[in-house]
Each structure stands twice: as C-alpha cells, then as structure tokens.
Number of protein chains: 2
Amino acid sequence: MASDQTRSAILAAAERLYADRGFGDVTLRDIVAEANVNLAAVNYHFGSKDELIAELFVTRSIQTNRERLNELKAAEENGGGRASIEDIMRALVGPTLRGCLGPDREGSTAARFMIRASIESVPPIRRIKNREVDHLRKFAAAMRRAMPGRDDTELYWGLHFALAMAHHTIREKERLLRLSEGKCDLDDVRAIIDRVVTVSVMALTMGDVPSKPALRPVVVHGRLTRQDL
Amino acid sequence: MASDQTRSAILAAAERLYADRGFGDVTLRDIVAEANVNLAAVNYHFGSKDELIAELFVTRSIQTNRERLNELKAAEENGGGRASIEDIMRALVGPTLRGCLGPDREGSTAARFMIRASIESVPPIRRIKNREVDHLRKFAAAMRRAMPGRDDTELYWGLHFALAMAHHTIREKERLLRLSEGKCDLDDVRAIIDRVVTVSVMALTMGDVPSKPALRPVVVHGRLTRQDL
DNA sequence: TTGCATTTCAAACATTTGTATGAAACTATC
DNA sequence: GATAGTTTCATACAAATGTTTGAAATGCAA
C-alpha cells in the first residue's frame, strides 16, 4: 500500500505549489519533483492533471460545506428548529472566512489553496463550482424559514451580497491591506465575520421599517448622519 | 497607415474572442485567424501576447476610471464642493455595473471582456490591477470629506464592501440567476446600482446611532423584525 | 523612378506541456 | 517461493504555443 503514500505526496505537493505559485505556472513536472515521485504517477493515480486539481478542490469544498451545514444545523437546534437570520449568515460566511483568513492560517496550505482557487478559476474548478448552487439552496431555505414574510428576491440578494463580501475580502485582502495602509486588520477574523454578518443582516432586513419605500430608508439615515457631523 | 488597420483588427478580434471563450483557450493563432492578419503581426505591433492583453485591459480600465471620476466630480460640484456619501458610492460602482450588466449590454464585447477579466485574472491583468489602489484612494479621500468624523477603518471597509457587491454581482450573475430561478432581475441595472449603493451607505453609516455598540445595532433590528413576523 | 522605411507574410524554431508506453520493481496471496 | 496484480520508472510521443526570421510587398518621399 505504498500507493497511498504516493497519492498523498502528490496531493500535498500539488496543493502547496498551487497555493504558492498559482495554477498558471505549476506543471506536473514541478509537482512530481516536489513530491519526489515519478512523472507518470500523476496520470496513473489521478487519470489526468485536471482530475488531480478537481480532487484537491472537492476535498476542501466538501470540508467547508460540511462545516457550514453543521453550523447551520447547530443554530437551528439551538433556536428550536428555526435559526435566526444572523446565525444563518454566520454559518454561511464563517467557515470560509475562518478557513482563508487569520494570522495562524497564514501558513495553512489548504487556506492558501482555496484563495488561489477563488482568484484564478481554472476549468476543472469552475465545473465543480457550478454545482454549488444546490448547496446554497439549503441556506436559502433556512433563510426563508427565518424570514417567512420576506420576498424571495430580497432573500437571494442578501445571500448573494453576503457571499460577495466574504469572497471579495478573501480575494482582495492584499489590496484592502494596501489601500488602508494596514488600518484594516485582516487577522481579526472574528471581527471580520461580525462585520460581514452585520451588514448582510442589515441588507436583508432593510425596508422592514414601516411606511418607507423599500429600498431607500437608509439613504435618509445617511443624510441625517452627515448633518449631525 | 494600413498598420493601424491591422492593429485595430487584432485588438477587436482579441477582445471578442477573449470575451467569448476566456483567456485560457484562445491562442494567438485564433486571434489572427479571426482578424484575418498574419500570425507575426501580433508580435510586430504589440511585442508579445501579454502586452496585447494588457493594452486591451488598460484601455477599458481607463474608460471606466474616467467615468467614475467624472461622476464623482459632478457630484462634488453639485454639492458645492462636497459630494454626499451616497453619490460617491454611486460614482464608484455605477460605471462598472452599467458597463458590465444590462440586456442592451449583452452584446457589448467590451463589457463581456471586462467580465472575463474579472473572472479569470491572467498575469498581465493582475499586474495592472495592482495599480488600481491609487485610483481608489481618490474615492477614499472623497469619502473622508463626506464623513469627516468617521474612522478611517470603517471607511475603507465600506469602500471594500461596495466593490465586493458590485464585482461579485458581475462575476456571479449567472449563479445568482440560477439560484434565484430568474427571480433576481439582472437586467434592471438601475435597481441593482440602487441596491448596492443603499447597502454600502448603510454599512458606512452603521454605528452612528447613538448609545449602541458599534457593530451590533442591526442584529437587534433583525431580531425585532423576526418577532414581528 | 529610386531609395528608404514600414509592414506583411510563410515558414520554421524552440520550448513546454500533458500523456502514453512497456519494461522493471514491488507486494501480497496461494 | 512462484504467480498475479499493482505500482514505479525512464523515456518517448505528439501536439500546441509564443516567438523569431528573413525575404517579399507596400507605402512614401525626393
């Protein structure tokens, strides 16, 4: 069963190299050199380069998705069958952000790999991502239960914006760091999650204020604020 | 001056092909075939493939950035030297969203190309994007003028989230469409811009409500909402 | 037209890449 | 310990790709 060793060595080496240098300029030869195995081993164990990448990505995706659903389930049991919208959003963005951000995680190959996958988007990964919709539907369903009166459209936009903030923060953390000259602390993952969840819930619950047009109340709020300053 | 004709033909063909099929599987030979020019023409006129891609991207980027700054300037003149935070956010995300979304724009090669550039992130484009920080600083400065008392950190996070929602909507519009089963109207660009701007301003002005902890008021709001339903 | 610079062209180059092959080494079962 | 199945290995293959080359064509000024 030394075959498992080779397999694992390839997976580890590939993940490390892809994480460090991106999918674009890492060849199979680089990988087998790093893993100290023969070139043909990749095709023997995985069939093709794309299948190797796919296996790497699905492994990590399944991990994240499972964490998400676990958090969601815990929140629902905690709330007697119905999770709060805040907890749902937290279950949605928490695992991803925790996995990819933070100072301790800086050395985590898995995290850096997933960031790469989020940035570069190579064909085998794109194919897998397309199936992600089914997973998101579970969150949409939970949100519907948490906000029964809410229009479905608003719900999807809220879900979409939550993922937008989470993923964009992962993708562009370097830029945000540079733009803010280090003022934005990207190591304080808890605070980032709080921030994303807060804004998401806000986006989802806006328009609930009675006797205001659906999409405008906060603009008024902003104007009042400026007058106060 | 037939050289300009060749140059333009290459640029147009390249933009079209990249927009349609992505950077990954469009070769120089595909481009010159589409443009009806000789293979060597690309290297003669642009130096290299990467420089061709870079030229395509900078052209479109400069366009968008100019539109943004024009809107910002107009808003500032309109407000007597100081633009409202809402107008600033609108100037930030409006041009991009208008450029890449909408039914009329579906046929726009430029728009589809920029979406590709946003999704795939190939090296020459990444290099250019890194310089975008200087451009964003102008918006940060305008925001600082509009919200003098606000902490810089909050300001950067607000800017960051606004771009997150805009770009993620462009990147993942297909997925949102599928997830919402067509309920989210991605052709109504005005409404989308309003939505992004509203949430952004909300994120920026949150915590301004007196006697509430900085990052939590809306959670309470959310809970109240659920009780009402 | 002559002469010079620019542009086009076909062809070849030089690598790089993922993949396939067939023999050798190894492992486990009987 | 022989045998069948698995795994490893060096090597070769085939295709694709960006780039270069040097000659031919074209444009333009004197």
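Predicted, not measured: the structure shown is a model, and the values here were computed from it. Order of the sequence lines sets the chain letters (A, B, ...), proteins ahead of strands, with each chain counted from 1.
- In terms of phosphate contacts, H45(A) brings a side-chain nitrogen or oxygen within less than 4.0 Å of OP1 or OP2 of dT8(D).
- The interatomic distance linking E51(A) (CD) with dG18(C) (P) rounds to 14 Å, in whole Å.
- Taking the six-membered ring where the residue is Trp, the centroids of F113(B) and F23(B) are separated by under 6.0 Å.
- Side-chain N/O atoms of N38(A) include one lying less than 4.0 angstrom from OP1 or OP2 on dA10(D).
- The distance between atom OH of Y44(B) and atom C1' of dT6(C), rounded to the nearest whole Å, is 5 Å.
- Here the P atom of nucleotide dC9(C) and the CG atom of L39(B) are 11 Å apart, to the nearest Å.
- Between K49(A) atom NZ and dT19(C) atom C1' the separation is 12 Å, expressed in whole Å.
- E71(A) has no carboxylate O lying under 4.0 Å from a charged side-chain N of R90(A), or vice versa, which leaves the two without a salt bridge.
- Toward the 5' end of DNA chain C, the nearer of the two residues N36(B) and L28(A), judged by each one's closest nucleotide, is N36(B).
- We find that R60(A) and E15(A) are joined by a salt bridge, their nearest charged nitrogen and carboxylate oxygen being less than 4.0 Å apart.
- Atom C1' of nucleotide dC26(C) and atom CD of Q5(A) are separated by 13 Å, given to the nearest angstrom.
- Rounding to the nearest 0.5 Å gives a distance of 7.0 Å between CG of L155(A) and CE of M147(A).
- In this model, the phosphate group of dT7(C) is not approached by any side-chain N or O of T6(B) to a distance below 4.0 Å at OP1 or OP2.
- Atom CG in D50(B) sits about 15 Å away from atom P in dT17(D), given to the nearest Å.
- Ionic pairing of R7(B) and E55(B) is present here: one or more N-O contacts between side-chain nitrogen and carboxylate oxygen are shorter than 4.0 angstrom.
- Of the candidates dG18(C), dT17(D), dT21(D), dT17(D) carries the atom nearest the R29(B) side chain, counting heavy atoms from C-beta on.
- Note on S48(A): every side-chain N or O is 4.0 Å or more away from OP1 and OP2 of dG18(C).
- Residue contacts shown for A40(A) include a base, since a base heavy atom lies under 4.0 Å away.
- What separates CG of L17(A) from P of dT17(C) is a distance of 13 Å, to the nearest Å.
- A straight line from CG of N43(B) to P of dA11(C) spans 18 Å, rounded to a whole angstrom.
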